[in-house]
Every structure is written in structure tokens, then in C-alpha cells.
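Because the structure is predicted, anything quoted here is derived from the model rather than measured. So that the names make sense, note that chain A is the first sequence line, chain B the second, and so on, each numbered from 1. The figures here come from the full heavy-atom set of this structure, side chains too, leaving out hydrogens, waters and symmetry mates.
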2 protein chains.
Amino acid sequence: MDRIPSQMLKGILEGAILMIMAQGETYGYGLHETLADLGFGDIPEGTIYPLLLKLQKNGQIVGVRHPSATGPDRKYYHLTPLGEDAVTAFQGQWQQLAGAMTALITHGGDHDED
Amino acid sequence: MDRIPSQMLKGILEGAILMIMAQGETYGYGLHETLADLGFGDIPEGTIYPLLLKLQKNGQIVGVRHPSATGPDRKYYHLTPLGEDAVTAFQGQWQQLAGAMTALITHGGDHDED
DNA sequence: TTCTGCTACCTTGCAATGCAAAGTATAGAA
DNA sequence: TTCTATACTTTGCATTGCAAGGTAGCAGAA
């Protein structure tokens with residue numbers, strides 16, 4: 001599967017990760033797989049971890065280390081109320097963007113000429 | 001209408017503008033209005049003009065000045081074959097992104113854990 | 001004429017963010 | 001041991017939206 005261009009993911013990945021967390025606690029390395037399953041492509045760790053640190057610093061998520069049965073400890077993150085607000089805001093913004101794009105795509109064929 | 005966050009527009013505006021041009025020749029100042037009509041919000045000129053110069057430099061669009069009946073000259077741009085290829089590529093990328101987001105939104109709470 | 005406002009284009013420099021690259025560490029298999 | 005997969009972290013760069021400021025043409029009002 002082709003990767004979505006990085007410039008196109010800017011500002012969207014952050015919201016996508018918050019939405020994934022809204023559906024259940026997760027950890028950095030696991031996000032990599034979840035994002036790929038959803039169709040976002042192979043998002044590198046150099047993208048995911050700094051983003052998680054930023055979200056935590058912003059008070060939108062909280063992380064706790066837990067041991068894993070199969071390897072090193074995992075740092076599980078879950079949303080704070082602030083993070084839940086961010087999810088709501090992001091969903092609205094996404095819908096506005098998707099709506100504008102739909103208008104642009106749909107409109108193809110029936111534009112007026114002067 | 002709220003503005004879509006600038007980070008969320010990165011890489012999308014460029015494609016959107018190419019798509020608008022695929023539907024008919026246009027000029028910088030007019031794009032401002034077209035984008036607003038489509039729902040992209042109030043995209044400032046400091047965004048639009050540098051982007052047009054970049055697209056022209058990349059050989060994806062070509063611009064020609066024409067006098068306007070109501071004010072200063074306008075610089076009308078139209079797609080080159082390279083620009084048409086870019087539109088096709090962008091549409092595929094957008095559909096992948098939109099598909100991934102739809103999967104994320106639809107899928108509410110049913111991803112697997114290990 | 002001069003002033004005001006709309007149209008129309010251009011440039012500089014900054015802020016945000018995805019990511020390549022490199023490093024560290026744990027656990028199990030070869 | 002060595003290798004592989006898992007798991008987290010950091011540094012520095014490239015890209016791009018945009019605020020801010022500038023230039024200029026045209027029309028109507030004063």
C-alpha cells in the first residue's frame with residue numbers, strides 16, 4: 001500500500017491518534033499497527049513517539065508503563081477530559097475539510113462558465 | 001464559519017487548488033473566493049500566491065496575464081499535463097486518507113487487542 | 001485634483017509537524 | 001553468543017500555511 005504523503009498527514013495524525021485512544025487505551029508501538037490496519041500506511045516511530053510526548057505535555061493524554069508478556073515494558077496512554085474535548089473538536093474540523101473536498105470533487109462536471 | 005486549522009490543510013490545499021484549476025482556468029485572487037465557497041474557509045493571499053508560484057516553478061501550471069474589466073490585470077493559470085498527473089495522484093491520495101478516516105470513525109470500539 | 005476602497009499580485013520570515021536516522025533496552029529463538 | 005522482534009527516545013531537517021508588509025490599477029466621492 002502506498003503511503004499517504006507526509007504533508008497531507010500534518011495535523012490529521014494527531015487527531016487520528018486521539019480518536020484511536022478514544023476507542024480504548026493503547027501504546028506507541030501498537031499505534032503503528034493500528035494506523036496501518038486503518039489504512040494510514042506505515043507511520044514511522046519517529047513520528048508517533050514525539051507526538052505522544054507532545055499530547056501528554058499538552059495534558060490531552062496520560063501514560064502509564066506496564067510490563068508486557070512478550071517484550072519490554074509498554075507505555076499505555078489514555079485520554080484526559082481535555083483530550084476528549086480535542087477529539088470532539090478534531091471530528092468537527094475533519095468533517096468540514098471532508099465536506100469541502102466532497103464539494104470540490106462532486107462539483108466536477110457541473111461548473112458554470114462565463 | 002470556523003477556519004480549518006492550518007496544519008490540517010498542509011498538502012491538501014495544493015491538491016485542492018490543482019483540482020479547481022482542472023475544472024477551469026482561474027487566478028489567485030479568485031481562488032480565495034472559490035475556496036471559501038467550497039468550505040475551505042478564508043485562505044489568505046500569503047498562502048495562495050506563494051503556492052501558485054511554486055506550482056508554476058514545478059511545471060504543473062502555467063500563468064498568463066490578462067487585463068480585467070474591473071481592476072488590475074489578473075494572472076490566469078491553467079494546468080499542464082504534469083499538473084493533470086498531479087491531480088490524479090492527489091485524488092488517489094485523498095481517497096486513501098478519507099478511507100482511513102472513515103474506517104476510524106465507523107469502526108467505533110471494535111479493534112482487537114492482544 | 002485627492003482620498004478612499006476594492007481589486008490584484010508579490011515577498012520575507014516564522015511556526016508547526018512528519019520523519020529519517022540513530023540510539024537504548026528487553027525477551028525469546030537460533 | 002548472536003539475531004530478531006518488540007518498545008521507547010532524541011536530534012535536526014524539509015515542507016508549507018500564513019501573518020505582515022509592500023506595490024499597483026481602477027472607480028467613485030469630495
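The distance from the CZ atom of B:F40 to the OG1 atom of B:T47 is 13.5 Å, given to the nearest 0.5 Å. A distance of 10.0 Å separates CH2 of B:W94 from CD1 of A:I4, quoted to the nearest 0.5 Å. Interatomic distance, B:Y29 OH to B:R74 CZ, rounded to the nearest 0.5 Å: 10.0 Å.
For A:Q96 (side chain) and B:G39 (main-chain N/O), a donor-acceptor pair under 3.5 Å exists by modelled atom type. In this structure, the side chain of A:Q7 does not engage the main chain of B:L9 through any donor-acceptor pair within 3.5 Å.
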Just distance, no hydrogens or angles: give the donor-acceptor pairs under 3.5 Å from side chains in residues 51-63 of chain B, sequence neighbours left out.
from, atom 1, to, atom 2, distance (Å)
B:K54, NZ, B:E14, OE1, 2.5

For A:I43 and A:R3: C-alpha separation, side-chain torsions, deciding distance, then whether side-chain contact (heavy atoms from CB on, under 4.5 Å) applies. CA-CA 8 Å; A:I43 309 297; A:R3 280 185 48 181; 5.7 Å; no

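Ring pair B:Y27/B:Y76 is perpendicular by interplanar angle, where above 60° counts as perpendicular and below 30° as parallel.
When rounded to the nearest whole Å, the span between CE of B:M8 and C1' of C:dG18 equals 16 Å. As a whole-Å value, the separation of B:K57 NZ from C:dT11 P is 12 Å. Rounded to whole Å, the distance from CG on A:L31 to C1' on C:dG18 is 15 Å. The distance from atom CG of B:D73 to atom P of C:dC10 is 11 Å, rounded to the nearest whole Å. Atom C1' of nucleotide C:dC19 and atom CG of A:L35 are separated by 14 Å, given to the nearest angstrom.
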Sugar-phosphate means primed atoms, P, OP1 and OP2; the rest is base. With that split, encode nucleotides 9-22 of chain D 5' to 3' as B, S or - using protein heavy atoms under 4.0 Å. BB----BBSBBB--

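For B:Y29, a side-chain nitrogen or oxygen approaches OP1 or OP2 of C:dT7 to under 4.0 Å.
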List, with names and distances, any nitrogen or oxygen atoms from the protein found under 3.5 Å away from nitrogen or oxygen atoms belonging to nucleotides 27-30 of chain C.
none

